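Heads up, the thing below is written out as structure tokens.
Residue numbers begin at 1 in each chain, while the letters A, B, ... track the order of the sequences. These numbers were taken from a predicted model, which means no experiment stands behind them.
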Protein chains: 2
Amino acid sequence: MDIVDRRIIAALRENGRATYAELGRQIGLSASAVHERVGKLEATGVITGYHAVVNPSSVGLGVTALIGIHSTDVADDEDVAAALAQLPEVESCYRVAGDESFVVKVRVATVDDLEHTLGGLRRIGGVARTRTTLVLSTRFEGRPNTSEADAEVNGDDE
Amino acid sequence: MDIVDRRIIAALRENGRATYAELGRQIGLSASAVHERVGKLEATGVITGYHAVVNPSSVGLGVTALIGIHSTDVADDEDVAAALAQLPEVESCYRVAGDESFVVKVRVATVDDLEHTLGGLRRIGGVARTRTTLVLSTRFEGRPNTSEADAEVNGDDE
DNA sequence: GATGAAAGATGTATAAT
DNA sequence: ATTATACATCTTTCATC
């Protein structure tokens with residue numbers, strides 16, 4: 001992972017459909033060199049995927065909520081996490097420090113669906129309580145964080 | 001927005017680098033038809049972008065936190081949102097209902113950086129108080145939500 | 001590791017149905 | 001809105017440095 005890899009990653013975070021030729025021009029490398037580097041970044045798990053980002057309300061998912069989940073004392077959080085992963089409306093799932101065990105983000109069509117989802121969450125074994133925060137508007141989300149470009153270069157792996 | 005568009009969107013959420021030819025084969029359409037549909041989806045703001053997803057710790061961002069932000073009574077939340085957007089370590093920003101005004105997700109390299117970021121947040125005019133929840137592990141994030149495929153088709157726009 | 005060449009696949013515009 | 005055509009561009013492999 002050198003500076004060139006970092007620049008490729010930054011460019012692909014900005015535009016996941018950038019062609020290898022485009023990337024090569026952008027950073028001064030041949031397309032085949034970019035191709036090989038990107039392949040390695042994918043193979044080593046640095047780049048985990050490429051996704052289109054969609055305006056949620058255009059696909060009929062106008063309701064977003066953040067839900068804190070309290071586990072019971074006896075719960076195995078791995079089991080809870082696995083159960084959460086089974087619910088398609090749970091878009092993100094974070095294991096957190098504090099009195100809650102997880103915070104999840106759910107996206108559904110209507111508040112009725114949200115009610116239904118909350119019922120599903122509480123029916124998971126090991127879930128004691130939920131705390132729901134309704135999202136009024138998403139200002140921005142999953143924005144490419146470029147603060148690592150400024151950070152010290154720490155030769156982690158590779 | 002018909003069922004074909006929805007299938008294209010679902011495919012591009014799964015794999016944002018899928019070629020038009022690939023998409024066409026997948027859903028039984030010519031590449032040029034797919035090309036035109038995708039162009040319209042982009043132009044009408046249904047698809048807002050394509051991004052590579054990166055393993056955060058591989059790029060030196062191993063610390064994630066969810067931060068609730070209380071505004072002062074006199075604060076203009078638009079100003080607060082604008083200020084939050086200026087901080088590169090703030091990846092996502094939600095305006096929420098409840099006694100907090102915003103919940104943001106930040107990603108930084110170290111807990112020292114987190115402390116620094118919190119200082120920056122509290123220095124924003126209109127921010128009264130912050131509540132930080134440290135993320136221990138991200139189980140999954142920004143997962144393609146396919147529950148709309150099951151949902152009733154509601155001819156919203158187009 | 002990077003390059004450049006070459007073959008095949010894909011992207012993109014235009015015109016036609 | 002889709003298909004057909006056509007040319008430019010890109011992907012991918014491989015010999016080479």
Side-chain angles (χ1 to χ4, degrees), chain A residues 1-55 57-60 144 148-149 151-158, chain B residues 1-55 57-60 144 148-149 151-158:
Chain A
M1 272 272 287
D2 59 6
I3 186 71
V4 178
D5 282 333
R6 286 174 191 278
R7 292 186 61 190
I8 291 174
I9 290 167
L12 283 173
R13 290 231 278 176
E14 201 71 47
N15 175 16
R17 277 184 87 78
T19 64
Y20 298 129
E22 226 166 339
L23 293 167
R25 281 191 294 267
Q26 207 168 320
I27 67 181
L29 216 63
S30 69
S32 23
V34 174
H35 181 246
E36 177 153 339
R37 277 174 179 266
V38 171
K40 282 184 186 170
L41 290 170
E42 290 168 355
T44 57
V46 176
I47 294 177
T48 59
Y50 306 88
H51 303 285
V53 177
V54 170
N55 182 348
S57 52
S58 355
V59 292
E148 82 264 16
E152 207 80 11
V153 175
N154 50 352
D156 267 340
D157 59 329
E158 264 247 347
Chain B
M1 271 272 287
D2 59 7
I3 186 71
V4 178
D5 283 333
R6 285 174 192 279
R7 292 185 62 189
I8 291 174
I9 289 167
L12 283 172
R13 291 230 277 175
E14 202 71 46
N15 175 15
R17 277 183 88 79
T19 65
Y20 298 129
E22 228 166 338
L23 294 167
R25 280 191 294 267
Q26 205 167 322
I27 66 180
L29 215 63
S30 70
S32 23
V34 174
H35 179 247
E36 179 152 337
R37 277 174 179 267
V38 171
K40 282 183 185 170
L41 289 170
E42 290 169 355
T44 57
V46 176
I47 296 176
T48 58
Y50 306 87
H51 303 285
V53 177
V54 171
N55 182 348
S57 51
S58 334
V59 293
E148 81 264 15
E152 207 78 11
V153 175
N154 50 352
D156 269 340
D157 58 329
E158 264 248 345

To the side chain of [X], which of [options] is closest?
{"X": "Arg17(B)", "options": "dT10(C), dT3(C), dT11(D)", "result": "dT11(D)"}
{"X": "Leu29(B)", "options": "dT3(D), dT10(C), dT12(D)", "result": "dT3(D)"}
{"X": "Ser30(A)", "options": "dT3(C), dA1(D), dG1(C)", "result": "dT3(C)"}
{"X": "Tyr20(A)", "options": "dT12(D), dG11(C), dG1(C)", "result": "dT12(D)"}

For [X] and [N], give me the distance from atom [atom1] to atom [atom2], rounded to whole Å.
{"X": "Leu23(B)", "N": "dT2(D)", "atom1": "CG", "atom2": "P", "answer": "14 Å"}
{"X": "Asp5(B)", "N": "dT2(D)", "atom1": "CG", "atom2": "P", "answer": "8 Å"}
{"X": "Ile8(A)", "N": "dG1(C)", "atom1": "CD1", "atom2": "C1'", "answer": "12 Å"}
{"X": "Glu42(A)", "N": "dT12(D)", "atom1": "CD", "atom2": "C1'", "answer": "14 Å"}
{"X": "His35(B)", "N": "dT9(D)", "atom1": "NE2", "atom2": "P", "answer": "14 Å"}
{"X": "Arg25(A)", "N": "dT11(D)", "atom1": "CZ", "atom2": "C1'", "answer": "13 Å"}
{"X": "Arg37(B)", "N": "dA1(D)", "atom1": "CZ", "atom2": "P", "answer": "7 Å"}

Short question: side chain of [X], backbone of [Y] - any donor-acceptor pair under 3.5 Å?
{"X": "Arg17(B)", "Y": "Ala18(A)", "value": "yes"}
{"X": "His51(B)", "Y": "Arg13(A)", "value": "yes"}
{"X": "Thr48(B)", "Y": "Val53(A)", "value": "yes"}

task: Determine whether Val34(B) and Gln26(B) make a side-chain contact, defined as any pair of heavy atoms from C-beta on separated by less than 4.5 Å.
output: no
- prompt: To the nearest 0.5 Å, how far apart are OH in Tyr20(A) and CG in Leu12(A)?
  reply: 8.0 Å
- prompt: Using a cut-off of 4.0 Å on non-hydrogen atoms, how would the nucleic acid contact of Glu36(B) be classed: base, sugar-phosphate, or nothing?
  reply: base
query: Which part of the nucleic acid, if any, lies within contact of Ala33(B), taking any heavy atom under 4.0 Å across all strands shown: a base, the sugar-phosphate backbone alone, or nothing?
result: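 The residue Ala33(B) makes base contact.
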message: Any N or O donor-acceptor pair under 3.5 Å from the base of dG4(C) to the side chain of Ser32(A)?
response: yes
